[in-house]
Trainee: 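Sharing a structure with you now.
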Amino acid sequence: MEIASVIVDVPTKQTDRAFDYLIPEQWRGTIQPGMRVIVPFGPRHIQGFVVGLKTESEVKKLREIIEPMDLKPVLNQELLELGNWLTENTLCFKIFAFQVMLPAALKAKYEKKVRLANRRAAIELPSKLQAFFENDGELDWEEALKMGIGPMLQREAANGHLEVVYVVKERVRKKHRKFVRPTVSQNELKEALQSIPSKAEKQRQVLQYFLRHFNEVELKTLIDELKTSGSTIKALVERGLLAEFDKEVYRDPFEHRKFERTKPLPLTDAQVQAIGPILQSIEQGQHEVFLLYGVTGSGKTEIYLQSIQEVIEKGQEAIVLVPEIALTPQMVHRFKGRFGDLVAVLHSGLSAGEKYDEWRKIQRKEVKVVVGARSAIFAPFENIGIIIIDEEHETSYKQEEMPRYHARDVAIERAKTYNCPVVLGSATPSLESFARAQKKVYQLLSLPNRMNNQELPAVEIIDMREELRDGNRSMFSRKLFELLQDRLEKKQQAVLFLNKRGHSSFVMCRDCGYVVNCPNCDISLTYHRVNEQMKCHYCGYESYVPKNCPECNSEYIRYFGTGTQKVEEELGKILPEARVIRMDVDTTGRKGAHERLLSDFKDGKADILLGTQMIAKGLDFPNITLVGVLSADTMLHIPDFRASEKTFQLLTQVSGRAGRHQLPGEVVIQTYTPEHYSIELAGRQDFDLFYQREMLIRKLHHYPPFYYLALITVSHENLINVVSATEKMVNYVRSQVSDKAVVLGPAASSIPRINNRYRYQCLIKYKREPNLTQTLKTILDQYQKDTKSGLQVSIDANPVILM
DNA sequence: AGCACGCCGACT
DNA sequence: GTCGGCGTGCTC
């Protein structure tokens, strides 16, 4: 086995295959599939993944692997195979599939440098360059270019005076701390103690310390504890009694936090019913997908916890996915509280180094449970006993860049290999999952009631058109205002929810209706009060708010829409005595800010919590008795067939925040379209009826779950080119699929232009098309090979949002 | 993605 | 007759 097949870190069509390399003698037997290696590729050195070993290659002259980057594979056999599965199913490059399974810290960084080729070169170099290479110095290529000496260096490299080197760098260093340990036996230590001069009191203390704890200890701890200094230790090291050494330590994001240990709670009858089949599946090592459908507050988490308990007792591991964990510190608390140090947490709030450390705890089998966002589905466990996906319907489980995978699909794929159950939990399951449960593909487990049989909150839907007719032009209906006042008096808390989407404030002329758009993207600019500027969310373009309307020169140009800031202002006017905490991207940007704001609210430091999407989940405070949704229908008008579903889910989710404990809750939903079924049924918290209504519509329009989708998006600077290229693809797809499939397009994407590139798409709706994957691959092949056309083609084999 | 190789226009 | 423009194709 002296040859390794390597997938190199070059994401292009042409290099999307294994390249063979000779394993140098010294590494034979060490280099294994799943390791990262540094290999020469053309003139460069780059990172690659070993995917296989062999003794022969068709390629005649192989080059040698430079060196391995890992001592032990970072991808085990199962994950390597999962990588291939990802490649096939999402039509992405192999290298992307492997990289997505690892923490970002393991992705290589490259540096190009120039140094002297040999000793003599130093004097033969032009005098202008000599200074850069004194004492064997190296020069960074990027910097050299900035200094304008690039061509000069190139010349010297060509005539052999200089040498260009490519360095592959790790992104983060492992964290090390200094430790001290005794190097001799306890008895020898005792003897040494006698021989220490009495004036060296500190040295004696240190030795006594080691006699008490004959073990390694962190240098810092030792110094702190004995109130001594490094020099004392150094003296003992010189005497050969102690040794200092570096030891790798983990960055612990929860270092200074204690989690109170909790015991399993007694289950309600409904919970016992629901958990039974899960436990059975764990016990028998049988793969099965469960849809745990339970209303908000019905105790799904306790079912997760007790299932995991069973898995751990069986000596297996558990993966728990939550939508965005930084947003639900309560969830982390519950898991850490139950399983303590056996839990690793992976979420976007961690630094790359912290994520890497948590990942290594998993890799080294130091933890049994991982709780994390989407990418935690790739946790390198090797004996998975259960995979749980909470809030199963959340769109954030779908990655919207290559590889465009859905965590639910990956979960089921992994669970099949490990013969273990997958539990999908939600109060508002996605139509896909619920339909599968109806067809008995998934097993449905229901928790129809809240724990302790608390009532679901009473929901009132307010028609804002009527408010307007009655002369109320504020963003608060009279009913909501009244209830807010009431809660203030009762010293209870309220949550106000603002759907940010479609609500971001845009700048509009009140005379002619002109809206300021991004010059590069066909989308309105968002007003940011912080710097009084307008910004494009897609390309980052910024501009000042014009004084006069560019169209009609009117001076009545102002920003519209209700941002959270604006609501906060308004609240200040109508309820000046209310203490408000605002949660949005601006106030939660800093690390830990989110958690702090929530705990402030929990501690009663505010009466009203005002926020966007991010407060829709996980909030579970006993004193919240009122939830207000300021405008329910903004999401309804986005051009997506899931708009109704999203609206229903969001409203149900938000309503569930109220009255989860002793105090009964009330919910006010303000809307301009109260008659819409998704709003009306969310008000009645009637998922089943919503499901039936929505299914009819999906069937009628050939949408999931009745049909599968595939979306081709084409972009180019030139409108005509995009349309004609898309048209060609549409025709090609039509020629390849059966007449049962529906091929739509070319149609402008819902954001028709981003960064000056026009975007058109082709949507395919189908039930069974065995040829489709091949057809899509062919299209990608054609257009990815040909880079000169300037066309960009991206394919989503299972789009969640049609943008 | 980089980079080298290679074939045509504006200069010493 | 050479320098350098970026089109084309390769990297084990």
Side-chain angles (χ1 to χ4, degrees), chain A residues 1-25 27-28 31-69 80 87 92-100 104 107-115 117 126 139-146 148-160 162-169 171 401-403 716-717 721 780-794:
Chain A
M1 294 298 190
E2 59 272 6
I3 294 168
S5 294
V6 176
I7 302 291
V8 292
D9 182 14
V10 183
T12 57
K13 187 81 233 161
Q14 295 155 324
T15 53
D16 186 32
R17 62 191 170 88
F19 285 79
D20 290 345
Y21 287 88
L22 213 54
I23 303 174
E25 204 106 30
W27 303 116
R28 295 212 183 134
I31 289 186
Q32 294 162 41
M35 278 186 182
R36 296 172 305 147
V37 288
I38 298 174
V39 291
F41 197 66
R44 303 179 287 160
H45 288 179
I46 56 171
Q47 192 191 62
F49 289 90
V50 177
V51 291
L53 299 176
K54 51 188 183 180
T55 47
E56 272 175 47
S57 171
E58 298 92 74
V59 183
K60 279 167 213 97
K61 39 184 203 268
L62 296 180
R63 294 173 77 181
E64 287 197 333
I65 287 178
I66 312 267
E67 58 176 327
M69 296 178 78
L80 282 171
T87 310
C92 72
F93 299 131
K94 293 185 177 66
I95 188 68
F96 282 145
F98 292 135
Q99 277 168 351
V100 79
K107 202 177 160 205
K109 262 196 336 202
Y110 300 106
E111 274 174 20
K112 182 181 177 182
K113 294 191 159 177
V114 192
R115 68 177 180 211
L139 186 58
D140 190 80
W141 184 258
E142 290 295 315
E143 277 169 42
L145 287 183
K146 273 184 214 141
I149 55 171
M152 217 167 171
L153 293 173
Q154 202 124 49
R155 217 161 24 245
E156 295 307 311
N159 65 29
L162 292 178
E163 174 178 41
V164 181
V165 285
Y166 299 86
V167 193
V168 183
K169 281 206 155 177
R171 229 159 246 267
E401 56 201 58
M402 287 237 262
H716 192 273
E717 291 170 358
N721 290 5
L780 272 181
D781 266 16
Q782 288 290 315
Y783 287 88
Q784 282 175 346
K785 261 184 201 147
D786 152 46
T787 43
K788 61 178 181 287
S789 68
L791 281 166
Q792 267 176 27
V793 179
S794 83

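Every chain is numbered from 1 and lettered A, B, ... according to where its sequence line falls, protein lines coming before strand lines.
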Trainee: Rounding to a whole Å, what distance do you find between A/D16:CG and B/dA1:P?
Mentor: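 Between P of B/dA1 and CG of A/D16: 13 Å.
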Trainee: Starting from the C-alpha separation in whole Å, work towards a yes-or-no answer on side chain to side chain contact (heavy atoms under 4.5 Å, CB included) for A/I95 and A/V8.
Mentor: CA-CA 7 Å; A/I95 188 68; A/V8 292; over 6 Å; no
Trainee: Indicate yes or no for a side-chain donor-acceptor contact from A/R28 to the backbone of A/I3 under 3.5 Å, with no hydrogens or angles considered.
Mentor: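 Looks like no, no N/O pair under 3.5 Å.
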Trainee: Starting at atom CH2 of A/W141, determine the distance to atom C1' of B/dC3, rounded to an integer number of angstrom.
Mentor: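 A/W141 atom CH2 is separated from B/dC3 atom C1' by 11 Å.
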Trainee: Test your reading of the model: is there a side-chain donor-acceptor pair from A/S5 to the backbone of A/D20, 3.5 Å cut-off?
Mentor: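 No, because the side chain of A/S5 does not come within donor-acceptor range (under 3.5 Å) of the backbone of A/D20.
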Trainee: I'd like a list of close polar pairs between nucleotides 1-11 of chain C and the protein, N/O only, cut-off under 3.5 Å.
Mentor:
residue : atom : partner : partner atom : Å
C/dT11  : O3'  : A/G42   : N            : 3.1

Trainee: Which whole-number value in Å describes the distance from A/E56 CD to C/dC12 C1'?
Mentor: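 So the two atoms are 16 Å apart, to the nearest Å.
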Trainee: Are any of the side-chain nitrogens in A/K112 or A/E142 under 4.0 Å away from the carboxylate oxygens of its partner?
Mentor: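 Not counted as a salt bridge, because no side-chain N and carboxylate O are separated by less than 4.0 Å.
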Trainee: Using a heavy-atom cut-off of 4.0 Å across all strands, would you classify A/K112 as base, sugar-phosphate, or nothing?
Mentor: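 Answer is sugar-phosphate: A/K112 comes under 4.0 Å of backbone atoms only.
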Trainee: Would you confirm whether the ring centroid of A/Y110 sits within less than 6.0 angstrom of the ring centroid of A/Y166?
Mentor: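 No, they do not, as the ring centres are separated by 6.0 Å or more.
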Trainee: What is the distance, rounded to the nearest whole Å, between atom CG of A/D9 and atom P of B/dA1?
Mentor: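 Taking atom P of B/dA1 as the reference, CG of A/D9 is at 12 Å.
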Trainee: Less than 4.0 angstrom between a side-chain N/O of A/Y166 and OP1 or OP2 of B/dC3, yes or no?
Mentor: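 Looking at the OP1 and OP2 atoms of B/dC3, one of them is under 4.0 Å from a side-chain N or O of A/Y166.
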Trainee: Output the rounded distance in Å from CD1 (A/I65) to C1' (C/dC12).
Mentor: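 In whole Å, C/dC12 C1' and A/I65 CD1 are 11 Å from each other.
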Trainee: Between atom NE2 in A/H45 and atom P in C/dC12, what is the gap in whole Å?
Mentor: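 Computing the A/H45:NE2 to C/dC12:P distance gives 10 Å.
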Trainee: Nearest whole angstrom, please: distance from the P of B/dC3 to the CD of A/Q154.
Mentor: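 One finds 9 Å between P of B/dC3 and CD of A/Q154, rounded.
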Trainee: Please give, in whole Å, the distance from B/dA1 P to A/Q99 CD?
Mentor: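 Rounded to the whole Å, the gap is 13 Å.
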Trainee: Going by side-chain hydrogen bond (donor to acceptor under 3.5 Å, both in side chains), name the residues that satisfy it together with A/Q32, two or more places apart in sequence or in a different chain.
Mentor: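 side-chain hydrogen bond (donor to acceptor under 3.5 Å, both in side chains) check on A/Q32 returns nothing, list empty.
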Trainee: With sugar-phosphate meaning primed atoms plus P, OP1 and OP2, does A/F93 contact a base, only sugar-phosphate, or nothing at under 4.0 Å between heavy atoms?
Mentor: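 Nothing: the residue A/F93, judged by heavy atoms under 4.0 Å, touches no strand.
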Trainee: Examine distances only and state if a side-chain atom of A/D16 and a backbone atom of A/K94 form a donor-acceptor pair shorter than 3.5 Å.
Mentor: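 Yes, because the side chain of A/D16 sits within donor-acceptor range (under 3.5 Å) of the backbone of A/K94.
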